[in-house]
Every structure is written in C-alpha cells, then in structure tokens.
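Step one of this worksheet: look at the structure below.
Everything quoted here is computed from the prediction, not taken from an experiment. Proteins come first, then strands; the chains are lettered A, B, ... in the order of their sequence lines, and each starts at number 1.
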2 protein chains.
Amino acid sequence: MRSAEFDKEKVLRSAMNAFMHKGYAKTSMQDLKKATGLHPGSIYCAFENKRGLLLAALEQYRLDRKAEFEQYFSGTQPTLDNLKAYLDNVVAECISCDSAQACLLTKALNEISDQDTEIQQIISDNLSMLQQALAEKFELAKSEKALSEQKDSDHLARYFLMGIYGLRTFAHTHPEAKVLEQLAEQLYADICA
Amino acid sequence: MRSAEFDKEKVLRSAMNAFMHKGYAKTSMQDLKKATGLHPGSIYCAFENKRGLLLAALEQYRLDRKAEFEQYFSGTQPTLDNLKAYLDNVVAECISCDSAQACLLTKALNEISDQDTEIQQIISDNLSMLQQALAEKFELAKSEKALSEQKDSDHLARYFLMGIYGLRTFAHTHPEAKVLEQLAEQLYADICA
DNA sequence: TCTCTTCTTGAATGTTCGTTCAAGATACGC
DNA sequence: GCGTATCTTGAACGAACATTCAAGAAGAGA
C-alpha cells in the first residue's frame, strides 16, 4: 500500500479558488494544475475528471461554509446579534477580497444553471440548507422574544438570503464599504422591523 | 454597392439569447452561427470577433432595456405604481421564461468580472445608469408626495436594484411564483415604508 | 446584359482544450 | 533490502475551439 501524497482539503480549496475567480468553463486543467500543484493524471485519478473536481470542491465548500456558519452562532449572544455579525461578514468579504471573491455556489449557479441539472440540483440543495438553517435561527430569535411571533421565519430566511445574493452582485459594481454597509444595515432593519 | 442582407437588431437579439442561456465562454461560434443564422465569416466581418459580438449585444440589450424601462413610466399613473409594475415584471420574467432567462448584464458581470476590465466597466456603467434612472423615479415619487422627503433616493435606488439582483439569483433555486411574489411584495413595502 | 463591387460561404488553420496512458518513482509488507 | 502495489509524471491524443481567407454568389450601375 501507498497513500496519496497530497492534502485533499488543501487541493480542493485551491480548486475552489480557481473556479471562483475564472468560472468553471474558463478554468483550464492547466490552471487547475498550477493552482493545486497536482498533475493532470493525479487529478483524473482522484476526481475522475474536471467536473468531478468541481463536485468535490462544491462539497468541500459546503462543509467549510457550514462550519463557518455554525461558528457564528456558537456563542451566547442573542441570535439576532449573531445574524447581524454574519451579515457584516458577508459585506466584509465583498469588500476585502479581490473583486471576484463571490460565493462559489452562486457563481456556479449563475454559470452552469441549465447545462447540468445534477450540479444545479446540488447547488440548489446546498442553498436550501442554508435557508433552512437561517429559518431555524429566526425561530430561535422568536423564542428569545427578540422577534415578533407574527413573523414567518421561512419568509425571513428567504428575504435574508435574497439580500445576500443581491449584495454580492451589487458589490461587483460598487465595491465601496460605505454603500454596502448601508444596504446591509437596511436589510437587517427591514427583517427585524 | 450592395447592402448587408441580415437584420442587425435581430442578429444581436439572437446572440443575446445565446449568451444568456449558455454564458459567454460556453457559447461557441457554432452556437452563434445556429442562433443568428450568420456564417462565421459574416460575424467576423460585422463584429470583428466573438468579443465584439458580445459588446454589440450588450449595447443592444442596453437600448432594449432602456426602452422597456421608459415604457413603464410613460403613463399618467403614480410613479410608485409604475415602479411596482416594473418590479412585478421582473418577477414574471423570472418565472415564465426558461429557467436561465437572467439579465444579460448581471450574467455577464458574474461570468467575466475580473477577466476583462473593459467589459466590466461597460456593464457597471449600464447598471449605474439604471440605478440613476431609478433614483430619478424616486425623486419624482417624492415630488408626488407619495414618498417621504426624508428618504434618500439614491439609497432607495441601490436597495431596489439589490433586491432585483437578489430576486433573480433566488429564482434560480426557487422558481415558484408565490415565493418570488412574496419577496417582491416585501421589497416594495420596505422601500415605501 | 455585362462588369464591378461587395457580401456570403464553409473548408482550412493553428491553438488550446480535456483526457489518457505507459513509464518512472516511491512507500509499504515481508 | 527486496518485490510489489500504488501513486506520480508529463508527453501524446483527438476533439473542439476561435479565427481566417479564397472562391463563389449576387445586387448595383451602365
């Protein structure tokens, strides 16, 4: 026996970055080779093909984001404060990173959309999971009496997610902190109102 | 002398559709030939290359959308009603069309982003124009006493646009009329509140 | 009707792409 | 320390790509 020499998570995160910056179609195997340090043969051995690498990268992205999300709600602060912090982090990401630091899920969703129903389904499922997780947080906020019982948590989660999508796209044309922060502020206010 | 045989607007709208459905990178010249009915030579003669065709298509898209926008505000109804109608139309587009009927501008913005600063600039400028046009409508609504003078029209325009971006992305995973209409409803309410 | 000019056509070009595979390298079991 | 199973390497492959161009088709002017 002999085990593989590369760190799978590291490779997948490099691939994620490559896909996020150039998009799936424009990222060539040569780009992936440069990004991951793996030779084509190894990539094909480990992930079957370019599409398999994208699938694995999407799964890694899901795990990373899930861990990140849960970290935001692990403390003892009021749930709504955690939600605001989470939103502020989205804004910070939009500003700080190189301009193309979008979410891999939405980036891939926009690009692949109709052409690959399986990937489309995976992405939709992932985003639905995030939506579900958000809805649970809104339920939690209601139980903390920080949010009116009248509110529909599912609707709030959808609206919140819609806002995040919008923010990310908006950031492409207006990467100015002040403007994005103001938008996030209103989004949060409208949800808590 | 002999004039060209094809209808430039028709060709550009066909190209627009092709680019919107498959994205720029994935749309091959063969696809464009099929979509436009033009042979490669003619395309290169008229638009220099594939990128030139995208530029021309973007310009045509801008003109079409500008005309569409102005039509929504040509009547004598209150401006806010027109805005709501405009928003409802966005939602209707998200639902009715084949799932990939996004906005060419945002689609291209998401895909090309960093790789072509000239196209990035053109798209940003176009979206800024729409934002500016929206801000003027909010100003108009204020003068009609339908909106508080306290409100910042520029901010409202940005928030409205953010919502539209978000709606379009959201529609990719939830193409259900009821959900999208509910989101649009709240967006409108939050802006007018 | 003939000629000139311009447009149209689609096969050919060189390049780049995703993918394969056989040869070489390396760690593990004995 | 040897044999072997497995991983790594990178050259090679056909396919598909954007682009070119020379030959053919067709309107305009006489």
Considering heavy-atom distances to DNA chain C, does A:A25 or B:C45 have its closest nucleotide positioned more toward the 5' end?
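It is B:C45, whose closest nucleotide lies nearer the 5' terminus.
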
Using only atom types and a distance under 3.5 Å, with no angle test, would you say the side chain of B:K50 pairs donor to acceptor with the backbone of B:T27?
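Yes: the side chain of B:K50 pairs with the backbone of B:T27.
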
For the side chain of B:H21 and the backbone of B:N17, is there at least one donor-acceptor N/O pair under 3.5 Å apart?
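Indeed, once roles are kept as given, a pair shorter than 3.5 Å links the two residues.
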
Can you tell me the distance, in whole Å, between the [atom1] atom of [X] and the [atom2] atom of [N]?
X: A:K8; N: D:dC7; atom1: NZ; atom2: P; answer: 11 Å
X: A:K34; N: C:dC17; atom1: NZ; atom2: C1'; answer: 14 Å
X: B:D31; N: D:dC17; atom1: CG; atom2: P; answer: 7 Å
X: A:Q30; N: D:dT9; atom1: CD; atom2: P; answer: 16 Å
X: A:L32; N: C:dG18; atom1: CG; atom2: C1'; answer: 11 Å
X: B:L38; N: C:dT8; atom1: CG; atom2: P; answer: 7 Å
X: B:F6; N: C:dC7; atom1: CZ; atom2: P; answer: 9 Å

Distances under 3.5 Å only, N/O to N/O: pair up the protein atoms with those of nucleotides 14-16 of chain D.
none

Heavy-atom check, side chain of A:N110 versus side chain of B:H172, under 4.5 Å:
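Yes - at least one pair of side-chain heavy atoms lies under 4.5 Å apart.
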
Return the set of residues passing side-chain hydrogen bond (donor to acceptor under 3.5 Å, both in side chains) with A:D116 (not counting sequence neighbours), or none when no residue passes.
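In terms of side-chain hydrogen bond (donor to acceptor under 3.5 Å, both in side chains), with neighbours along the sequence ignored, A:D116 is linked to A:R51.
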
Applying side-chain hydrogen bond (donor to acceptor under 3.5 Å, both in side chains), can you list everything that pairs with B:N49, at least two apart in sequence or on another chain?
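By the side-chain hydrogen bond (donor to acceptor under 3.5 Å, both in side chains) rule, B:N49 matches no residue at all.
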
For residues A:S28 and A:D31, is any side-chain donor paired with an opposing acceptor at under 3.5 Å?
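Yes, because at least one side-chain N or O of A:S28 sits under 3.5 Å from a partner of the opposite role on A:D31.
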
Just say parallel, tilted or perpendicular for the rings of B:Y86 and B:F73, cut-offs at 30° and 60°.
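Plane angle between 30° and 60°, so tilted.
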
Do the ring planes of B:F138 and B:F160 sit parallel (below 30°), tilted (30 to 60°) or perpendicular (above 60°)?
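It falls in the perpendicular class, over 60°.
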
Apply salt bridge (charged side-chain N to carboxylate O under 4.0 Å, His left out) to A:K142 and A:E139, showing your working.
CA-CA 5 Å; A:K142 274 158 74 171; A:E139 276 298 309; 3.1 Å; yes

Is it the case that atom CD in B:E48 sees more than 12 heavy atoms from other parts of the structure closer than 6.0 Å?
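Result for CD/B:E48: open.
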
Could you write out each protein N or O paired with an N or O of nucleotides 10-13 of chain C at a distance under 3.5 Å?
unit_1 : atom_1 : unit_2 : atom_2 : d
C:dG10 : OP2    : B:H39  : ND1    : 3.3
C:dG10 : OP2    : B:H39  : NE2    : 3.3
C:dG10 : O6     : B:G41  : N      : 3.3

Taking only residues two or more places apart in sequence or in another chain, which ones pass ring-ring contact (aromatic ring centres under 6.0 Å, His included) with B:F19?
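With sequence neighbours excluded, B:F19 shows a ring-ring contact (aromatic ring centres under 6.0 Å, His included) to B:Y24, given in chain and number order.
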
Which residues, if any, of residues 46-57 of chain B bring a heavy atom under 4.0 Å of DNA chain D?
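Contacting residues: B:N49, B:K50.
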
When you measure from the side-chain N and O atoms of A:Y44 to the phosphate of C:dT19, is any distance below 4.0 Å, counting only OP1 and OP2?
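The answer is yes; a side-chain N or O of A:Y44 sits under 4.0 Å from OP1 or OP2.
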
